[in-house]
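Every value quoted in this text rests on a predicted model; they were computed, and no experiment measured them.
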Amino acid sequence: MITRCFRLLVWLLPAAAAAEARFPQPQFDTGHTVPQAAHPPYAEWVPPWADVLILAAALGVSVWLVRRVRSRRWILAFAMVCLAWFGFVRRGCICPVGAVQNVAAAAWSGGGLSWVVAALFALPLLTALLYGRVFCAAVCPLGAMQELFIIRPLRVPRAVDAVLRLLPLGVLSFGLVYAVNGAGYLICRTDPFVGFFRRSAPLPMLLTGLAVLLLGMVVARPYCRYYCPYGVLLEICSRLAWRRVEIAKTACVNCRLCVGVCPVGAVAVPREAPADAARARQFRLFVAALALAPFLAVSCAGAGWLSGAFWARAHPAVIVADRLAATPPSEEDSHPEIEAFKRSGKSRESAEEQAAATVGRFRAGCAGAGLFMGLVIALRVLGLTRLKRLALHEADRIRCVACGRCYPACPVNVRTGGRG
């Protein structure tokens, strides 16, 4: 039996050599090297579902540190751990901030969303519904990176702060328009810290991230406050939080020390009950703002519709159509996208029709985004006319990121053992 197997092997070897001679391996004489698939090192020994458990555990630890331990040093130390894991080990992907686009695209197309991505997106929001923005306190690597660079934060004027806080609404709205229309993930492409986490971003992105960190020395957490689209959703959930972040462990003594150490201006100061004249004046302002609300909504929706054609230029279909229209026939071979379009067998008319349909979708999406922003602006203007009596200093549900800087400054915390 062994002898027969040996003879068969001897007969097959020449046959295999002949087959290789007839069908040789392809040779690339252009110097092109086929890239090898690269995977993050952690993916080799941590399954995707473990990331969900790790995020849930990190959120639980953050809640415990913010509400029970109440120590600024422990919160900062845990933030460095999360920065190392979620930032440099996981390389910032998939993060809840970018998962906004995955969820929107899956909801628009009617499926295709991994439960891991859905859980990463939902867990910080559910935690914010219970305990406020504890995700921002230590778990988010973007916030932890900026927390290290806060040196001498300056107060942003209230009017400037109100205008800048509209930027995250725009980033969220237009980022979702990009995602659902297949134009790419705008939020991920403009993340200033991707270059640090992945160590492979272009030089402009690295310089942008460095500029944000340098700005963060004097304007605390500029990305979190004036750009982060996920922060818009966290603010909405934090407004409805079951248990808010509390500055004093027991009764506040109104010493105002927490106001001076808060870098993001998230401490609401006491206010006396307004007089009758002030109430009448604020009521007139409320009526005026209410009458202005429809105009704001319609104006922002119209501005979004007009800008739809500009934003649509990032879509591949529009790029190909514009390139075909602007390129002479003799120069078409020098453009890879035109060559790829020709190989698809489609006509120029079909390219123009597809581009026109894409522009139409972008116009509709941008009009919806503008309407959303107009309504939010109107609600915020109406909120400015609200007069609320406040007896003690307390953390603002929306602005507070639970960084814990107020804990060691509060004499009530120090006296009761909540040292930072």
Hey, is the main chain of [Y] close enough, under 3.5 Å, to the side chain of [X] for a donor-acceptor pair?
X: Q101; Y: G98; answer: yes
X: S173; Y: G170; answer: no
X: T385; Y: L382; answer: yes
X: N181; Y: V177; answer: yes

Looking at side-chain heavy atoms only, is the closest gap between [X] and [Y] below 4.5 Å?
X: V261; Y: Y407; answer: no
X: Y131; Y: V245; answer: no
X: F135; Y: V401; answer: no
X: R165; Y: D161; answer: yes
X: L213; Y: M145; answer: yes
X: V359; Y: V318; answer: yes
X: P141; Y: C82; answer: no

Between [X] and [Y] (salt bridge meaning N to carboxylate O under 4.0 Å), is one present in this structure?
X: R323; Y: E352; answer: no
X: E235; Y: R225; answer: no
X: R239; Y: D396; answer: no

Can you confirm whether more than 12 heavy atoms, excluding those of F88, are under 6.0 Å from its CZ atom?
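More than 12 within 6.0 Å, yes.
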Give a yes or no on whether R155 atom CZ has more than 12 heavy-atom contacts from other residues, nucleotides or ligands under 6.0 Å away.
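Atom CZ in R155 is packed in, count exceeds 12.
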For residues [X] and [Y], report the shortest heavy-atom separation together with the two atoms involved.
X: A402; Y: A137; result: O-CB, 3.0 Å
X: P294; Y: A291; result: CD-O, 3.4 Å
X: Y230; Y: L120; result: OH-O, 4.4 Å

Go through the side-chain N and O atoms of Y227 and T190 and say whether any donor and acceptor fall under 3.5 Å apart.
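Checked: Y227/T190 side chains pair up, N/O donor to acceptor below 3.5 Å.
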Can a donor-acceptor pair be found between the side chains of H393 and N254 at a distance below 3.5 Å?
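Yes, a side-chain donor-acceptor pair sits under 3.5 Å.
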F310 vs F362, test: ring pair (Phe, Tyr, Trp, His ring centres under 6.0 Å). Steps then yes/no.
CA-CA 9 Å; F310 170 79; F362 264 85; over 10 Å; no
So that I know where these two stand, are F197 and F86 an aromatic pair - ring centroids less than 6.0 Å apart?
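Not under 6.0 Å, so no.
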Can you tell me how far [atom2] of [Y] sits from [atom1] of [X], rounded to the nearest 0.5 angstrom?
X: C252; Y: N413; atom1: SG; atom2: CG; result: 10.0 Å
X: W64; Y: L59; atom1: CH2; atom2: CG; result: 15.5 Å
X: R90; Y: L55; atom1: CZ; atom2: CG; result: 8.0 Å
X: F174; Y: L169; atom1: CZ; atom2: CG; result: 11.0 Å
X: L371; Y: S299; atom1: CG; atom2: OG; result: 11.0 Å
X: C366; Y: Y178; atom1: SG; atom2: OH; result: 8.0 Å

Checking R244 against E394 for the side chain to side chain contact (heavy atoms under 4.5 Å, CB included) test, could you report, in this order, the C-alpha distance in whole Å, the side-chain angles of both residues, the deciding distance, and whether it holds?
CA-CA 9 Å; R244 71 167 69 205; E394 63 181 32; 3.1 Å; yes
